[in-house]
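Encoded as structure tokens, the structure appears first; notes follow it.
Lettering follows sequence order; numbering is per chain, from 1. As a basis for the values below, the full set of heavy atoms in this structure was taken, side chains included, without hydrogen atoms, waters or symmetry mates.
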2 protein chains.
Amino acid sequence: MTVGGTNGERRAPATLHDVAREAGVSLATASRSLNGSTRKVNEEYRQRVLAAAAKLDYSPNLSAQAVARGTSTTVALLVADIADPYFAQIAAGVVREADHEGLIVTMAATERDSERELELVRSLRGQRPRVMILAASRRADDPAATALAEELRAFEANGGRVAFIGATEAPHRSVALDNAAGAEALARALVQAGYRGFAALTGAEGLRTAEDRLGGFLAGLAASDLTIAPEHIVRPAFTRDGGYDGMRTLVELGIGEIDVVFAANDVMAVGAMSAIRDAGLVPGRDVAIAGFDDIPTARDVTPPLSTVRLPLEEVGRRALRLALDTIGPGDDLPVRAEVVLRASTPTRAR
Amino acid sequence: MTVGGTNGERRAPATLHDVAREAGVSLATASRSLNGSTRKVNEEYRQRVLAAAAKLDYSPNLSAQAVARGTSTTVALLVADIADPYFAQIAAGVVREADHEGLIVTMAATERDSERELELVRSLRGQRPRVMILAASRRADDPAATALAEELRAFEANGGRVAFIGATEAPHRSVALDNAAGAEALARALVQAGYRGFAALTGAEGLRTAEDRLGGFLAGLAASDLTIAPEHIVRPAFTRDGGYDGMRTLVELGIGEIDVVFAANDVMAVGAMSAIRDAGLVPGRDVAIAGFDDIPTARDVTPPLSTVRLPLEEVGRRALRLALDTIGPGDDLPVRAEVVLRASTPTRAR
DNA sequence: CTGTTAGCGCGTTCAC
DNA sequence: GTGAACGCGCTAACAG
């Protein structure tokens with residue numbers, strides 16, 4: 001760790017005023033040359049201003065611009081956990097699209113606490129972001145929900161845009177993920193592959209994403225008159241460790257009748273695979289497992305994880321486009337959730 | 001995908017002025033009640049202001065505050081790729097610490113392009129962030145380096161703080177990661193475990209982190225009079241796919257004399273493991289493999305990946321503290337890089 | 001303790 | 001085309 005810092009002379013940043021003076025023009029001319037929308041400035045002056053700006057290391061004060069213009073160039077992104085690959089990929093997409101639009105992304109993490117989420121939205125609102133993207137998981141029974149709704153309503157009433165990812169929250173735009181349909185298709189595919197004994201690892205009760213996926217999966221089973229025994233539906237945390245713990249519970253309960261476990265997301269599935277292995281069993285052979293999301297590591301675990309692919313980066317980009325009304329090609333199509341069968345759910349000879 | 005938006009009446013956000021009027025007090029009193037540092041406001045007035053603010057859904061305009069105060073509450077974070085678990089974890093740490101300090105994080109991705117990085121720093125500077133944290137990988141031969149240095153110098157001259165993560169860049173503060181020492185310790189541990197035939201997958205030439213790790217690893221081998229044949233040092237991209245491709249190259253070259261591969265980071269190692277497996281070999285048995293970073297999935301691949309643990313979340317937090325001068329307990333200690341031997345490098349009977 | 005006023009850095013009418 | 005002047009929302013002296 002090195003400590004340094006060239007704080008010899010700490011002169012204030014050059015202002016537009018400084019630049020104008022240096023260039024020998026008026027403030028207005030300087031402003032027009034550097035940012036002005038409809039260019040109508042003498043080329044010679046323009047050059048003088050540009051030179052002065054360069055010489056003074058001028059950098060326009062975005063806050064001041066925002067105040068003067070009455071509109072910022074910021075988009076606020078709310079996720080549950082940045083380190084979770086699901087959110088990290090979404091964030092990457094949002095940042096990329098924002099960069100494309102010349103916008104700046106500010107990021108906050110709810111850490112899966114809806115009180116925190118409310119606080120964050122409240123505080124983020126102070127930035128007057130053009131857009132607020134809420135990717136953090138919604139829950140059905142949320143006590144802070146109405147307060148959040150009120151906060152977002154106020155934000156929108158002031159001209160802000162809101163986009164949700166995943167759950168479709170009443171009056172707001174959202175990139176709907178076809179959680180239910182994807183899970184249903186997965187269930188059908190697994191039945192097709194010969195599986196009959198099912199278990200599920202899903203998030204805490206009320207977590208929308210988890211509920212939708214479980215619901216879809218059950219619907220897919222129901223189509224073949226199959227179901228999951230209540231004791232085989234475990235609801236640990238919606239994380240890697242949750243998956244591990246949940247799978248342990250299942251193993252301890254006895255895995256006799258279970259031949260495949262559906263984890264409501266890939267990080268849980270990955271944790272579950274480790275639990276299976278730690279129990280002395282072989283995932284894919286002794287018990288099959290499937291996840292949801294198709295995070296990058298799904299390919300790299302052993303055996304490779306069957307899952308439902310969501311184009312998460314694209315989802316992030318699309319969320320921003322949706323909020324901004326800058327629709328691109330294909331944006332009207334629903335986000336495809338695609339079943340990807342890999343070796344963690346081998347076809348069963350029956 | 002749902003489109004909505006309650007843009008019935010788009011009234012401008014309530015201003016402090018509105019609140020003051022509503023509460024029947026002066027602007028100053030309103031300001032003091034809502035944000036003022038040293039509280040010295042009649043409790044009754046205070047309550048009136050708070051009530052008015054609540055009634056009007058008032059949210060202080062951070063941009064205006066920044067302009068008036070001459071200082072923002074923003075920290076800018078630059079990473080190479082948000083979706084990469086290495087950077088995602090660092091980002092999570094920065095965001096958490098920032099939240100702790102009441103600061104807001106804006107995030108940008110260089111996508112490993114130093115031209116882009118320069119552009120981003122330039123543009124981020126417009127936010128007048130309190131701190132700029134550069135986690136994106138440095139390279140030795142960077143043509144944009146001097147321009148970047150100049151930009152950062154200007155930023156610091158204006159009172160901004162800069163913190164690097166990883167490489168120690170000349171006059172700036174930085175959280176030094178003990179890449180060389182960690183890799184050296186790993187090499188020694190592998191020699192100790194009985195390995196003799198080494199190969200390395202490292203990033204593009206000039207990439208500081210990659211060079212440091214490789215250098216350290218070689219130093220560790222040299223201590224036992226061992227080395228790596230030049231043709232066994234492959235330099236693919238510093239990514240998962242780079243690791244995969246690099247390992248394929250190695251396999252095609254013939255893996256006869258190689259009994260362990262050192263990948264310069266875990267995502268590469270994970271890719272390499274898949275390549276090994278796709279070649280019909282078993283990682284850890286036919287060829288051992290070790291990585292660096294200890295990303296979460298290192299535990300969940302098969303066999304679990306030996307690596308050098310870096311407390312990345314903590315690194316992110318510490319970077320911010322370092323820049324802010326809010327040193328915490330243990331912050332004076334160097335970041336420990338700790339060798340973690342797992343089953344991907346079993347002890348070799350010789 | 002409260003209110004008035006002058007800025008903060010910039011965009012943008014409005015006359016010239 | 002250019003410049004002077006006002007306003008954006010807020011903070012911080014400065015007087016009362």
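Between D:dT2 and A:N42, a contact under 4.0 Å exists linking OP1 or OP2 to a side-chain N or O. Of the side-chain N and O atoms in A:T29, one or more sit less than 4.0 angstrom from OP1 or OP2 of D:dG3. Regarding contacts with the backbone of D:dA4, every side-chain N or O of A:S26 stays at 4.0 angstrom or more from both OP1 and OP2. Side-chain N/O atoms of B:N35 include one lying less than 4.0 angstrom from OP1 or OP2 on D:dT11. Residue A:S31 has no polar side-chain atom (N or O) positioned under 4.0 Å from OP1 or OP2 of C:dC10.
Ion pairing between a basic and an acidic side chain is recognised when a charged N comes within 4.0 Å of a carboxylate O; A:E119 and A:R116 show no such pairing.
Residues B:E97 and B:V75 have side chains not in contact (no heavy-atom distance under 4.5 Å, counting atoms from C-beta outward). Looking at heavy atoms from C-beta onward, B:L50 lies in side-chain contact with B:L34 at the 4.5 angstrom threshold.
Distance CG (B:L27) to P (C:dC8): 18 Å, rounded to an integer number of Å.
Between A:S33 and A:T29, the closest heavy-atom pair is OG-O, 2.7 Å.
Of the residues in residues 57-72 of chain A, those lying under 4.0 Å from DNA chain D by heavy-atom distance are A:V67, A:A68.
Axis angle between the ends of the helix from C:dC1-D:dG16 to C:dC16-D:dG1, five pairs each and rounded to 10 degrees, works out to 40°.
Using modelled atom types, one finds a donor on one side chain and an acceptor on the other under 3.5 Å when comparing A:R130 with A:T71. Side-chain contact annotation: A:S59 with B:R122, donor-acceptor N/O pair under 3.5 Å absent.
When heavy atoms are screened at a 4.0 angstrom cut-off, B:T15 is found touching the sugar-phosphate backbone but no base atom.
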Give every pair of a protein N or O atom and an N or O atom of nucleotides 13-15 of chain C that lie under 3.5 Å apart, one pair per line with the distance.
none

